[in-house]
Structure formats: C-alpha cells, structure tokens
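I have placed the structure first, in the form of structure tokens, so that the comments after it can refer back to it.
Every chain is numbered from 1, with letters handed out A, B, ... down the list of sequences. None of the values given here were measured: they were computed from a predicted structure.
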Protein chains: 4
Amino acid sequence: MNSDISAPEGELPLRADARRNRDQIINAAKAIFAAEGPDAPMEEIARRAGVGVGTLYRRFPDREALIRAVARDNFTNALTHAQAAATEETTGWNALVRLLKSSDELQLSVRLGMTSPRAWDVVKGDQVTQGLRDSLLEILEGVVGTAQAEGSLRTDVGAGDIAAMYSMLLRRPTDPAQQRIAERALHIMLDGLRPHRHATELPGRPLQVSEVHPLSTAPAHPAPGT
Amino acid sequence: MNSDISAPEGELPLRADARRNRDQIINAAKAIFAAEGPDAPMEEIARRAGVGVGTLYRRFPDREALIRAVARDNFTNALTHAQAAATEETTGWNALVRLLKSSDELQLSVRLGMTSPRAWDVVKGDQVTQGLRDSLLEILEGVVGTAQAEGSLRTDVGAGDIAAMYSMLLRRPTDPAQQRIAERALHIMLDGLRPHRHATELPGRPLQVSEVHPLSTAPAHPAPGT
Amino acid sequence: MNSDISAPEGELPLRADARRNRDQIINAAKAIFAAEGPDAPMEEIARRAGVGVGTLYRRFPDREALIRAVARDNFTNALTHAQAAATEETTGWNALVRLLKSSDELQLSVRLGMTSPRAWDVVKGDQVTQGLRDSLLEILEGVVGTAQAEGSLRTDVGAGDIAAMYSMLLRRPTDPAQQRIAERALHIMLDGLRPHRHATELPGRPLQVSEVHPLSTAPAHPAPGT
Amino acid sequence: MNSDISAPEGELPLRADARRNRDQIINAAKAIFAAEGPDAPMEEIARRAGVGVGTLYRRFPDREALIRAVARDNFTNALTHAQAAATEETTGWNALVRLLKSSDELQLSVRLGMTSPRAWDVVKGDQVTQGLRDSLLEILEGVVGTAQAEGSLRTDVGAGDIAAMYSMLLRRPTDPAQQRIAERALHIMLDGLRPHRHATELPGRPLQVSEVHPLSTAPAHPAPGT
DNA sequence: TATGAATGAGTCTTCATTCAT
DNA sequence: AATGAATGAAGACTCATTCAT
C-alpha cells in the first residue's frame with residue numbers, strides 16, 4: 001500500500017528495515033487519524049506502529065510531515081485505482097461508476113482533510129499531493145469525456161461537477177449498515193446524472209476541473225473575524 | 001437565534017444579563033467550532049463572546065456541555081425552519097426542496113458531529129438532541145409522504161433515503177464560490193429523485209426513518225484495532 | 001454553640017437574623033472543614049449554610065477570617081467545658097479526666113490547626129484565640145495542682161506535660177525542642193504500659209490486631225450531610 | 001531511603017537516571033507533603049526535585065499515584081525499622097520501645113493519611129500499602145507477645161491496643177467503634193499518669209505551661225528550602 | 001540507529017473574591 | 001442587605017519535540 005511513489009523525493013531509498021518502519025508508521029497514522037482525527041498524540045501513533053517516538057520523529061520531523069505523508073500515500077493509491085478503472089472498464093460510464101464507488105483511499109484522505117482545518121492547511125500546501133490530485137482529475141476528465149461521447153452521461157455536467165459531488169459523498173461511513181444506505185444515495189445521484197431528464201435546468205454553467213478548488217472541496221474556514 | 005427553547009429546561013430563567021452572556025457564548029462557540037473544530041481553546045471562545053473563561057465555565061461546566069448546547073441550539077433552529085417549510089409550502093415537493101436547501105443550522109450541527117469523534121460522542125449521547133432530531137425526521141417523513149402522494153417524488157425512496165443523502169450534503173462549504181458548486185450538485189440529486197427514471201434499479205428496499213442511525217450518519221469510527 | 005464570646009470584638013451586636021446567618025455559616029464551616037479540611041470551597045460552605053457567597057463574604061471578609069471565627073468558637077466552647085469540669089467535679093483527678101476526655105471542641109480546633117499549615121498560621125496569629133488558649137491552660141494548671149495536692153496525680157509532671165501529651169493525641173512535632181517535650185509524654189505513656197498497675201480496670205477486652213482498622217485510625221469523615 | 005522495594009512491582013527496572021529522578025521526586029514529595037500537606041502544587045514538588053513537571057507526571061500519572069508512592073515508601077521504611085527492632089533488641093520491651101520511638105517514617109504516612117480526606121482515601125485504597133501495614137502489625141504482635149512473656153508488659157493489653165494508642169498519638173477517631181478503642185488507650189495513658197510508678201525517670205524537668213507552644217504543638221513547618 | 005526520558009509551553013478547569021442587580 | 005454572576009489568577013495535566021543513553 002505505501003508504495004515508493006510516496007517516498008521522500010530525492011532521498012536515497014531506505015534500508016529494508018527503515019522502509020518497514022516507515023510503512024508501519026504510516027499505516028498506524030492512517031488508522032489513528034481515522035479514529036481520532038489528525039490531532040491524535042504522536043506517541044499513540046508510535047506505539048501502534050511498534051516503534052519509539054524517537055523513531056517516528058526521525059522519519060517525520062513533525063506532525064505536518066506525517067500528515068503529508070499519509071495524504072500522499074492515500075492519493076497515490078487512489079490514483080492507482082483510478083488508472084485501473086479508466087484502463088480496464090469498457091465504457092466511460094462504467095469507468096465513472098467504478099471510480100465513484102471504489103476510491104476508499106481517496107475517501108480517507110479527503111476525510112482527513114475535512115476533519116481538521118489544521119490538517120487541511122497542511123495538505124493544501126503540499127505540492128506533491130496537489131500533483132497527485134491533478135493527475136486524478138485528469139483521469140476523471142477523460143472518463144467524463146468518454147462517457148459523454150458515448151451518450152451515457154448528460155452533457156450539461158462537467159468533470160468538476162462530478163468531483164464536487166464526489167467530495168460530498170466522501171463522508172461515506174465505514175460501518176456496513178451505513179454502507180448500504182450510502183449505496184442507495186449514490187444510485188440516486190447516478191440516476192440524476194443520466195441524460196434525458198430536464199425537469200430541472202441546472203443553475204450556472206458546467207463546471208470545469210479548474211473551477212473546483214484543491215481536493216474539490218473547501219473546509220469550513222470562514223475568516224475568524226466573521 | 002438562541003431561543004429559549006434551548007434554555008436549560010426546568011431551570012429557573014436566567015437573569016437578563018446572564019441570558020445575554022449565555023447567548024453570546026453559544027454564538028461565539030458556533031463560529032469558532034465551525035472555524036477550528038470543537039477542540040478550539042475555550043479561552044478563545046470566551047474572548048470572542050466578550051466574557052471571561054470563568055463565565056463560560058459557570059454556564060457550561062465543561063467542553064462537552066458547550067458542544068451539547070450548541071448542538072441543541074442548532075437542531076432547534078433547524079426544527080423551526082423545517083416546521084416553517086412544511087407549513088408554508090404549497091406542495092410536498094417544494095417543501096422538500098426548501099428543507100434540503102435551507103437547513104444551514106442543521107448543517108453546522110452535523111458538521112460539528114462529524115468533525116471529531118469526540119464531539120460526535122457527545123452529541124450522540126444527548127437525549128435532548130436526539131429528541132429534536134426525531135421531531136425533525138418526523139416532519140421530513142410527512143413531507144416525503146405528501147410529495148409522493150402528489151406524484152412529485154419517486155416512490156421507491158423513503159424519508160430515510162432523503163435523510164441519508166441530506167447528511168451527505170452537509171459538508172456544504174461556506175464560501176460563496178463553493179456554494180454555487182454545491183447548488184448544482186444538489187440539483188442533480190434532486191433530478192435523480194424525480195419519478196419516471198428507472199435506468200437503475202435501486203439496491204435494497206426503501207429506507208425508513210427508523211433504519212437510519214442517529215443524525216443519519218456515522219462518524220469515522222473504525223475499531224481502533226483495524 | 002456559637003456564643004457571643006466569639007463575636008467580632010468591638011462590633012455592635014448583630015441583628016437577630018444576621019446573627020442567625022453568622023451562626024449558620026460557622027456551623028457549616030465547622031462541618032465542612034472537618035470533612036474536607038480548611039481549603040474547602042467557600043461556595044460549598046455558603047450553600048451548606050443556606051446563604052449566598054456574597055453573604056458569607058459580607059460576614060467574613062476572607063477565608064482567614066472564617067477560619068479564625070471557627071477557631072474562636074471552638075476554643076470558646078472548650079473553655080466553657082473546662083470551666084464546668086473544674087467547677088463541678090469533686091476531685092482534681094476527676095476534673096482532669098473529664099477535661100481530657102471531653103474536649104471534643106478543642107480537638108476540632110487542633111485538628112483544624114494541624115490539617116493545613118495555612119490554617120495553622122491563621123490561628124497562631126490570632127490574639128483572641130491565644131487568649132482563649134491561655135485561659136484554658138490556666139484552668140488546666142489549676143486542676144493539675146489540685147490533683148497533685150490530692151495525691152492522685154504524680155507530682156513530677158506539670159500542666160505543660162499534660163497539655164503536651166494531649167497534643168500528642170494529634171501529632172508529633174518535627175522541631176527538636178518540641179521533640180523533647182514529646183519524649184516526656186511518650187515516657188509517661190510507656191509507664192502506663194508497665195505491668196503491676198491496676199489502678200484502672202481497662203474497659204472492654206484486649207484488642208487484637210484484627211480489631212483495629214486500616215492504619216489503626218479513621219480519618220474525619222462525618223457523613224457530608226451531618 | 002527509597003529502596004527498590006517500593007519500585008513499581010513487575011515493571012522493568014528503570015534506567016539509572018530515571019531511577020534517580022524517581023527517588024528525588026519521592027523525597028521532594030515527602031518533604032513538601034510534610035510541610036504543606038498533600039495538596040501542595042505539583043510544580044513545587046517538581047522544582048524541589050530538580051525536574052520538570054512533565055517528568056513528575058511521566059513517573060506518577062497523577063497526584064494520587066504520587067501520594068501512593070510516598071505512602072508505600074514510608075511504610076516500607078517503617079517496616080524495615082520494625083524488623084531491625086524486633087531482631088536486634090534483646091528484650092521484647094526494648095524492641096517495643098524502639099518501635100514506638102523510632103517509627104518516624106510511619107508517622108509521616110499516618111499524618112499524610114490524616115491530613116486530608118482525599119489523601120486518606122488514596123492510601124486506604126492501596127493494596128500494597130495495606131500489605132505493608134499488615135506486615136508491620138504482625139511484627140508488632142510478635143514483639144508484644146515476647147514482652148508479655150518476659151513479664152515486662154502487662155498482659156491485659158494486645159498489640160491492637162498498642163497500635164491504637166500509637167495512632168492516637170496522631171488523632172482521635174470520630175466513629176463510635178473506634179471511640180471505644182481509643183478509650184482503652186486513653187485509660188492506659190491515664191494509668192501512666194497515676195503516682196507511685198517510678199519505673200522510668202522522666203527526661204528533663206516538669207514542663208510549665210509557658211514552655212509549651214501555641215495549641216501545645218507545632219505543625220511541620222520546616223523552611224521550604226530545607 | 002532506536003529508544004524512551006525530560007522538558008516546558010499550552011489548555012483546561014476551579015475557586016477566591018468582587019460587584020451589579 | 002442578600003444574592004448570585006463575572007472575573008482572572010492559580011494550578012493540574014497533556015503532549016509535541018528534543019536529547020541522552
């Protein structure tokens with residue numbers, strides 16, 4: 001899961017055991033961030049990873065670095081999945097559906113970003129993550145184009161719409177009962193995306209990817225003075 | 001905003017100034033929770049409310065009490081809006097649309113609940129909030145029934161579906177640019193809800209309100225051992 | 001119990017209701033000091049006394065004043081008892097025994113003094129309490145003299161010995177001068193343990209270890225409702 | 001003083017410096033608890049021990065843990081002394097005298113327990129301390145038996161009597177069952193005051209009232225810098 | 001290099017005391 | 001005069017980060 005794509009750029013590859021440590025730490029961080037949010041105690045993460053805090057700090061100089069690493073790892077995995085979907089599915093619509101349904105990895109990242117304004121700021125400021133995001137959106141754009149060319153996707157929406165909607169779905173629960181509920185909602189949305197239904201004139205113009213902010217959503221950040 | 005509905009029930013009414021302070025504190029908490037999450041420093045909240053920390057603590061014995069109070073206040077307002085929608089709109093569909101579009105108050109509450117596992121637990125454990133939620137869902141159920149009777153809402157969905165979907169929309173951004181994006185997504189969803197489109201067979205049975213968990217969503221709570 | 005001897009000197013006598021308030025406060029303070037020590041929250045004392053904190057503070061400008069008042073009240077009562085003992089008992093020995101046995105009031109005061117160095121400093125610095133103490137010791141001196149004249153009390157001890165021993169019922173001092181005093185008292189007690197003295201039939205049966213509670217003593221834990 | 005007997009049982013031995021710190025903290029706590037009671041600021045204790053608060057809290061998760069540790073340490077030392085007394089003294093009576101005279105360590109513990117209801121509860125609830133107490137009482141029982149067999153100790157008292165009396169050197173209980181125990185001890189002490197017993201030459205001269213400090217005792221008030 | 005001990009700044013919370021009603 | 005609300009300083013405790021072992 002924690003492929004070398006997310007390794008510190010420009011660094012020589014880690015020794016096998018160091019690599020193992022690094023991966024354990026990232027996995028521990030994923031689990032604990034998901035459970036407690038990105039402000040969870042560093043020591044708890046270290047404990048779960050089976051290393052001392054010192055080791056954690058050797059690998060990730062501070063919390064931000066760790067958050068960044070988790071985000072990169074997640075986005076990398078999401079990208080891998082997206083590529084597979086675009087490549088393997090026979091129709092654009094199927095690729096789109098698979099994309100929307102399967103990106104658990106991305107889900108965690110976005111949830112992470114959402115969870116705390118602090119984490120959000122960290123991720124927002126990371127070039128590498130932004131690059132991964134861009135690749136992801138590029139793939140999405142391709143899929144959307146294909147689906148529309150096929151006639152399977154209404155043409156009054158853009159990839160940005162899909163990304164925005166997707167980000168709204170991200171708070172997808174992990175417990176199975178809720179999963180089923182969410183699945184239905186997704187179907188409804190998908191139905192809404194099918195062509196031929198003009199009951200409503202969508203407001204505004206089709207959104208382009210470029211019109212959607214980083215990660216396709218913005219966390220609640222009203223100026224503190226509001 | 002902070003109507004007396006959310007006042008401590010059964011307690012003697014607060015002195016005028018105390019009441020004013022209480023309201024200011026809740027408003028400050030709303031703003032700061034939204035901006036920084038429910039772990040924001042108490043002192044910052046007090047400062048924004050224009051009172052000393054001591055005053056804050058006299059009114060709300062601890063952070064949980066404050067979170068609870070904010071949640072109650074928000075739900076109370078959401079309920080008020082919902083009642084107005086159900087009463088004033090002429091068609092069930094219009095009431096439904098208004099409900100889904102306008103509940104900013106509820107949005108904050110759910111965002112609050114989502115934001116941190118801790119806050120979620122607090123809200124989940126509060127009977128009063130649960131009661132408010134139930135009333136809200138009851139109203140929703142009525143509106144859904146009316147809309148379906150009118151033929152304006154597909155009959156293969158239930159109020160629970162709507163609640164679930166709604167909760168997915170909750171991460172509605174506050175900044176205006178994002179607002180417009182979200183608006184489109186909402187339209188798409190609404191389209192998806194219109195009758196006559198059977199392109200997709202929805203999985204499972206129509207969800208009833210009772211099948212949807214508290215607040216219609218579950219926060220990320222994977223077993224710590226995952 | 002809270003006789004006017006302990007009233008603020010030089011003040012005009014309080015109005016009846018104010019007097020009642022004052023007494024209630026002192027009694028509440030006694031109970032709570034005994035249960036929680038002299039650092040108990042002022043508000044708790046006020047609540048127990050059935051008044052607001054404001055009232056408490058009107059009567060006793062700060063905690064020290066309250067401690068002082070309690071100490072005076074206790075010493076006053078002890079003095080009353082001592083006078084009664086000296087007057088009513090037919091022999092010096094009996095008076096002495098009664099004195100040592102009955103001074104519960106004094107015990108509270110001393111316990112109070114012991115309980116926290118802070119309280120001790122307060123009491124030590126109070127002239128009125130010192131005066132009461134002196135009167136008490138004077139009475140003790142008289143009783144001791146009488147008992148010795150009777151031949152019922154060994155003549156190689158003085159009233160100071162008795163006082164010291166009495167105080168040892170409470171705690172052993174750390175400073176060397178006091179140590180020597182305590183040593184004498186200990187010798188006397190040891191004498192009391194030597195065989196062949198059956199002047200007194202000990203009440204009850206010999207105690208076994210198992211009959212003695214944890215740490216051989218029980219802390220002041222009167223039910224909070226006392 | 002802080003022998004490893006009082007080290008956290010079952011834990012891996014502390015690193016040398018950690019061990020040193022631990023001991024320093026306990027010693028500082030002893031001194032400061034004695035001087036200010038068990039509610040003294042943790043930071044003051046840390047400062048006196050020459051460590052940061054963080055270190056104190058790493059070693060003792062909260063105040064209760066520290067109180068417990070001090071109590072255990074004191075009881076352990078008391079036990080050591082008692083064992084030495086029982087072993088090294090040639091007569092039971094001498095052992096008893098030495099026991100009663102030398103248990104300064106125990107005194108602190110009991111004073112600690114007495115001082116604040118809170119501390120008392122902590123100590124009472126600690127199994128380890130209770131175990132140490134039991135060993136202590138067992139030794140006392142042996143010594144008492146020996147002394148009685150020698151004919152040097154009246155046979156109508158038990159080890160429980162001695163323990164009770166000893167504890168009375170500290171404070172008189174309020175509950176009626178304990179009262180009766182105390183009564184016996186008081187009788188014994190009174191016996192010790194009866195004339196005609198010259199077994200012991202009292203040290204020093206008869207004390208006059210003027211030689212006894214305010215309230216006949218002084219609280220532990222070593223200069224904070226001691 | 002890995003570990004876990006030490007530090008101290010940051011927060012929460014309590015409570016004595018003051019003051020408006 | 002009585003009440004209870006407001007204040008803020010004091011102290012407990014947590015945890016990110018640094019550093020000795």
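- Considering only side-chain N and O atoms, Arg59(C) lies under 4.0 angstrom from the phosphate OP1 or OP2 of dA2(F).
- Between the CD1 atom of Ile25(D) and the P atom of dA5(E) there is a distance of 12 Å, rounded to whole Å.
- Using a 4.0 Å cut-off, no side-chain N or O of Arg22(B) falls inside it from OP1 or OP2 of dA5(F).
- The side chain of Arg19(B) contributes no N or O atom lying less than 4.0 Å from OP1 or OP2 of dA5(F).
- The phosphate of dG4(F) has neither OP1 nor OP2 within less than 4.0 Å of any side-chain N or O from Arg58(B).
- Checked by atom type and distance alone, the side chain of Arg48(B) never pairs as donor or acceptor with a backbone atom of Glu43(B) at under 3.5 Å.
- Straight-line distance from the CG atom of Leu66(A) to the C1' atom of dT17(F): 14 Å, rounded to whole Å.
- Ion pairing of Lys124(B) with Asp121(B) is present here, as a side-chain N (NZ or NE/NH1/NH2) and a carboxylate O approach within less than 4.0 Å.
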Requested in this report: Let me have DNA chain E in dot-bracket notation, would you? Count Watson-Crick plus G-U wobble pairs, both distances under 3.5 Å, and use [ ] for pairs crossing earlier ones and | for inter-strand partners.
Outcome: .||||||||||||||||||||
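- A distance-only check finds no donor-acceptor pair linking the side chain of Arg47(C) to the backbone of Met42(C) [under 3.5 Å].
- Remark: Asn21(B) is not in phosphate contact with dA5(F), judged by side-chain N or O atoms under 4.0 Å from OP1 or OP2.
- For Gly50(D) and Gly50(A), each mapped to the nucleotide of DNA chain E holding its nearest heavy atom, the one lying further toward the 5' end belongs to Gly50(A).
- A straight line from CZ of Phe60(C) to P of dA16(E) spans 15 Å, rounded to a whole angstrom.
- Residues forming a side chain to side chain donor-acceptor pair (under 3.5 Å) with Asn21(D) (at least two apart in sequence, or on another chain): none.
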Query - Contact pattern, 5' to 3', of nucleotides 10-16 of chain F - B, S or - by protein heavy atom under 4.0 Å - result: --SBBSS
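- Side-chain atoms of Arg68(B) do not come within 3.5 Å of backbone N or O of Thr129(B) as any donor-acceptor pair.
- When all heavy atoms of Arg63(B) and Pro38(B) are compared, the pair lying nearest together is NH1-O, 2.9 Å.
- The distance from the CZ atom of Phe60(B) to the CD1 atom of Ile67(B) is 11.5 Å, given to the nearest 0.5 Å.
- With rounding to the nearest 0.5 Å, the separation of CG in Asp73(C) from CD1 in Ile26(C) is 5.0 Å.
- Not one N or O on the side chain of Arg59(B) forms a donor-acceptor pair closer than 3.5 Å with the backbone of Leu66(B).
- Atom CD1 in Ile32(B) sits roughly 16 Å away from atom C1' in dC12(E) (whole-Å rounding).
- Atom pair Leu56(B):CG and dC15(E):C1' shows a separation of 16 Å (rounding to whole Å applied).
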